Trainee: 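Here's a structure for you.
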2 protein chains.
Amino acid sequence: MEPLRADMFDEICPSTLNPFRFGRDKWAALVIACLEDGPRRFSELRVPLHRVTPKVLTQSLRHLEQDGLITRTEYAEPVRRVVYELTPLGHSMLGPIRTACAWTADHWDELLDAHEAGITR
Amino acid sequence: MEPLRADMFDEICPSTLNPFRFGRDKWAALVIACLEDGPRRFSELRVPLHRVTPKVLTQSLRHLEQDGLITRTEYAEPVRRVVYELTPLGHSMLGPIRTACAWTADHWDELLDAHEAGITR
DNA sequence: CAGAATCCACCGAGATACTG
DNA sequence: CAGTATCTCGGTGGATTCTG
């Protein structure tokens, strides 16, 4: 499994155009995207999510855990390690998420046009 | 086209369990659902959405308009009439919305279990 | 390393009252 | 009929600092 790149989400700036939201809070969708390929440590998640403070990231992870979408596992062995992973339920959410994101990609021009028209009016 | 019933959304109480959100604000998804079968007047929308104040409903409608999902048309003819309608873009969103809602229906038990486990812990 | 504690600013959302 | 005008309140998200 490849490491998560720091610029993973840098270009998804105008994500406010996407009319779909996943999870309870602002960062849930990005966390899910980070866990797509397998389990990740807290510090691994902080690399692409470097604009999120640890407090807020923790909050988001706790919400996802309460919603049954991820699991949190703690190891104390050599050094302290906490690993987050998608549950089967969380993994099954990827289908509808991809459907929604495909729609957004397909209609990006129209979304952009509508937004710009809304600004100049 | 049938009138919108006042109890249309009364039973969708624990919708916080649904990890998908559509549109910018809290009421956008319900407005879209109301417009599914055709254009509706402001006062028609207020029937099923009787728990939403006119100010907040107006806000939500303006957002949907800015996002290119609905149109607002004003007639002054006999009496004043303002009609809201899904755009082709808004209508095309129904597909992914249905996909997402089907997922939620399919996994309702798991979502409920996770939520209850989160409460007692 | 993986957070917790504290404080704070902003904004969505609601209550209430009023209007072209 | 279809909104607008204020006011308020609570909660999300962020900055900063501290800790087992």
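The structure presented is a predicted model; accordingly, all values stated were derived computationally and were not measured.
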Trainee: Identify the heavy atoms of A:Gly23 and A:Ala28 that sit nearest to each other, and give their distance.
Mentor: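 Answer, listing the atom of A:Gly23 first, then A:Ala28: CA-CB, 3.8 Å.
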
Trainee: Between A:Val82 and B:Val56, which has a closest nucleotide on DNA chain C that is more 5'?
Mentor: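 Closest to the 5' end, via its nearest nucleotide, is A:Val82.
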
Trainee: Please state whether the rings of A:Phe20 and A:Trp103 are parallel, tilted or perpendicular, taking 30° and 60° as the class boundaries.
Mentor: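 Ring orientation, 0 to 90° scale: perpendicular.
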
Trainee: Return the value, rounded to whole Å, for the distance between atom CG of A:Leu49 and atom P of D:dG14.
Mentor: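 Nearest whole value for this atom pair: 11 Å.
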
Trainee: Could you give the CG-to-P distance, from B:Leu45 to D:dA2, as a whole number of Å?
Mentor: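 After rounding, the reported distance stands at 9 Å.
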
Trainee: Would you indicate what B:Arg72 reaches in the nucleic acid, counting non-hydrogen atoms under 4.0 angstrom: base, sugar-phosphate, or nothing?
Mentor: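 Touches sugar-phosphate only.
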
Trainee: Nearest whole angstrom, please: distance from the P of C:dC11 to the NZ of B:Lys26.
Mentor: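 About 19 Å, once rounded to whole Å.
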
Trainee: Grab the CD-P distance between B:Gln59 and C:dA15 for me, whole Å please.
Mentor: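 Interatomic distance, CD of B:Gln59 to P of C:dA15: 14 Å.
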
Trainee: Is B:Tyr84 near enough to D:dG3 that one of its side-chain N or O atoms lies under 4.0 angstrom from OP1 or OP2?
Mentor: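 Looking at the OP1 and OP2 atoms of D:dG3, one of them is under 4.0 Å from a side-chain N or O of B:Tyr84.
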
Trainee: Rounded to the Å, how far apart are B:Phe42 CZ and D:dT4 P?
Mentor: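 B:Phe42 atom CZ is separated from D:dT4 atom P by 8 Å.
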
Trainee: Mind checking if B:Arg46 touches a base, just sugar-phosphate, or nothing, with heavy atoms under 4.0 Å?
Mentor: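 Contact class for B:Arg46: none.
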
Trainee: Considering only residues two or more places apart or on different chains, which pairs with a residue in residues 78-93 of chain A satisfy salt bridge (charged side-chain N to carboxylate O under 4.0 Å, His left out)?
Mentor: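 Listed once each, the pairs are A:Glu74-A:Arg80.
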
Trainee: Could you give the CD-to-C1' distance, from A:Glu74 to C:dG3, as a whole number of Å?
Mentor: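 Rounded to whole Å, this separation is 10 Å.
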
Trainee: Please give, in whole Å, the distance from C:dG12 C1' to B:Leu57 CG?
Mentor: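 Taking CG of B:Leu57 and C1' of C:dG12, I get 15 Å after rounding.
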
Trainee: Nearest to the B:Arg80 side chain among C:dA13, C:dG3, D:dA2, which nucleotide is it?
Mentor: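 Of C:dA13, C:dG3, D:dA2, D:dA2 is nearest to the side chain of B:Arg80.
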
Trainee: Considering the options B:Val52, B:Leu57, B:Leu61, which one meets the side chain to side chain contact (heavy atoms under 4.5 Å, CB included) requirement together with B:Trp27?
Mentor: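 Result for side chain to side chain contact (heavy atoms under 4.5 Å, CB included) with B:Trp27: B:Val52.
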
Trainee: Nearest heavy atom decides the nucleotide; on that basis, is B:Lys55 or B:Glu44 closer to the 5' end of DNA chain D?
Mentor: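 On the 5' side of the pair lies B:Glu44.
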
Trainee: Which part of the nucleic acid, if any, lies within reach of B:Val79 when heavy atoms closer than 4.0 Å are counted: base, sugar-phosphate only, or nothing?
Mentor: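 Nothing: the residue B:Val79, judged by heavy atoms under 4.0 Å, touches no strand.
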
Trainee: Would you indicate which nucleotide in D:dG3, D:dG13, D:dA15 comes nearest to any side-chain atom of A:Thr53?
Mentor: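 Between D:dG3, D:dG13, D:dA15, the one nearest the side chain of A:Thr53 would be D:dA15.
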
Trainee: Using a 4.0 Å heavy-atom cut-off across all strands, classify A:Arg62 as base, sugar-phosphate, or nothing.
Mentor: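 Sugar-phosphate contact only.
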
Trainee: Take atom CZ of B:Arg41 and atom P of D:dA2, then tell me their distance rounded to the nearest Å.
Mentor: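 To the nearest whole Å, that distance equals 4 Å.
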
Trainee: Just N and O in the side chain of A:Ser43: are any of them under 4.0 Å from OP1 or OP2 of C:dC1?
Mentor: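 So the side-chain polar atoms of A:Ser43 never come under 4.0 Å of the phosphate oxygens OP1 or OP2 of C:dC1.
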
Trainee: Quick check: is A:Val82 connected to A:Leu69 through a chain of hydrophobic side chains (ILVMFWY, heavy atoms under 4.5 Å apart)?
Mentor: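 Yes.
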
